[in-house]
Amino acid sequence: MATTQQNYILTADPLSLDRIRSILNRLEDTIIFELIERAQFAHNPKIYRRGEFEELQSIGFKGTWLEWFLKETESFHAKARRYTSPDEYPFTDPAELPQPVLKGVELPKILYPNKVNANKSILSFYTRSIVPRITAHATLALAAAKRAKGITGDDEYEDDGNYGSTAVLDVEVLGAISKRVHYGKFVSESKFRADPAAFIPHILNPNRAALDALITKPEVERKLLQRLRKKAEVYALNFSPEGEPSGDAGRKIDVDAIVELYEHYIIPLTKEVEVDYLLVRLEGMSQEEIEELATSKKA
Ligand SMILES: O=C(O)C(=O)C[C@]1(C(=O)O)C=C[C@@H](O)C=C1
């Protein structure tokens, strides 16, 4: 039977850690599938460099091809009030995005007001480390095909000319990773409310290492990486016309690349968001309010 996935607004207890982890689990599927889609195209490094497309210069856009796609896509989404939701963050500077056309919705105030935004780091590691890694096999195939036609040069081998399709998929992957990483704020709020007294001294006397130790759950990370590898191995399979899985030879994506993406980038950045969020968690609160919070505990 199909199960439904509720986002943070619909659920009765939005700060239930099990519920939040089930959303993170579901986002693993989204991220793996989006990466598989992206990996069918070559690296196309031109779309991540400024000044490569005359057409953009002629319309006065100074960023990269990908930044142009992000800005245009996010402009529409901003009008449809996407970024008024606390689990949605644009890559474009919000000052450059239009105001929502739709009237605001009354959202439950679950998170403490904050400006934590990890999208700059996400864009950087995605374009510099992830894309070259997951497209390596596409680059090899392209190199063989181009060499057969007498075309030479590393730049040529990395470029299949599908700049539009590539950027559309990059926007999708980045949105999914961003949502996943920023869910760290909900995780953090949940852990904080479960035991405020443990966190408060390290927030008042800012201590990143102590906060990091409080939010880190090695066993959860270990199981996550194990599950992720199994999922990626299955989702990346190719099937014969008769429906037989074709095995290791025919995987659509490098499974190790997905596991490393989580191990070295997504989990560490989620933890960074958790700690950044905690560090501003008491801003603007009076001494009395903090003392009251320190003695409170979630039932
Ligand atoms: O599930 C949690 O408790 C989280 O904080 C999320 C997360 C993750 O990014 O998956 C991060 C830190 C923990 O060590 C375990 C997992």
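Just so you know, ligand 1 is whichever comes first in the structure, and atom 1 is the first atom listed for that ligand.
A salt bridge between D254 and R133 is present, with a side-chain N of the basic residue lying under 4.0 Å from a carboxylate O of the acidic one.
With a 4.0 Å heavy-atom cut-off, ligand 1 is reached by the side chain of L224 but not by its N, CA, C or O. If you look at K223 next to ligand 1, there are no close heavy atoms at all, none under 4.0 Å.
In this structure, Y83 has its ring center at least 6.0 angstrom away from the ring center of Y89.
Each of the following atoms of ligand 1 lies closer than 4.0 Å to a heavy atom of T270: 9 (O). Near V187, meaning under 4.0 Å from one of its heavy atoms, ligand 1 places the atoms 2 (C), 3 (O), 4 (C), 5 (O). Annotation for ligand 1: atoms under 4.0 Å from non-hydrogen atoms of K191 are 2 (C), 3 (O), 4 (C), 5 (O). Close contacts between ligand 1 and T216 involve ligand atoms 14 (O) [criterion: under 4.0 Å to a heavy atom].
Nearest to atom 3 (O) of ligand 1 by heavy-atom distance, out of E28, R21, R222, is R21.
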Between E74 and E88, does a side-chain contact (heavy atoms from CB on, under 4.5 Å) hold up when you go through it step by step? CA-CA 11 Å; E74 292 179 341; E88 296 285 359; over 6 Å; no
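Two residues are said to be in side-chain contact when any heavy atoms from C-beta on lie closer than 4.5 Å; W68 and I59 meet this criterion. You'll find the side chain of I177 stays beyond 4.5 Å of the side chain of R180, heavy atoms only.
Counting only heavy atoms of the protein, atom 14 (O) of ligand 1 lies nearest to E221 OE2, 2.5 Å. For atom 12 (C) of ligand 1, the closest non-hydrogen atom on the protein side is K271 CD, 3.4 Å. The protein non-hydrogen atom at the shortest distance from atom 7 (C) of ligand 1 is E274 OE2, 4.4 Å. Among all protein heavy atoms, the one lying closest to atom 9 (O) of ligand 1 is R180 NH1, 2.8 Å.
Using a distance-only test at 3.5 Å, with no hydrogens or angles considered, a donor-acceptor pair links the side chain of N114 to the main chain of Y112. Within the 3.5 Å criterion, the main-chain N or O of K185 finds no donor-acceptor partner in the side chain of S188.
Under a cutoff of 6.0 Å and an axis angle of 45°, K46 and F53 form a cation-pi pair.
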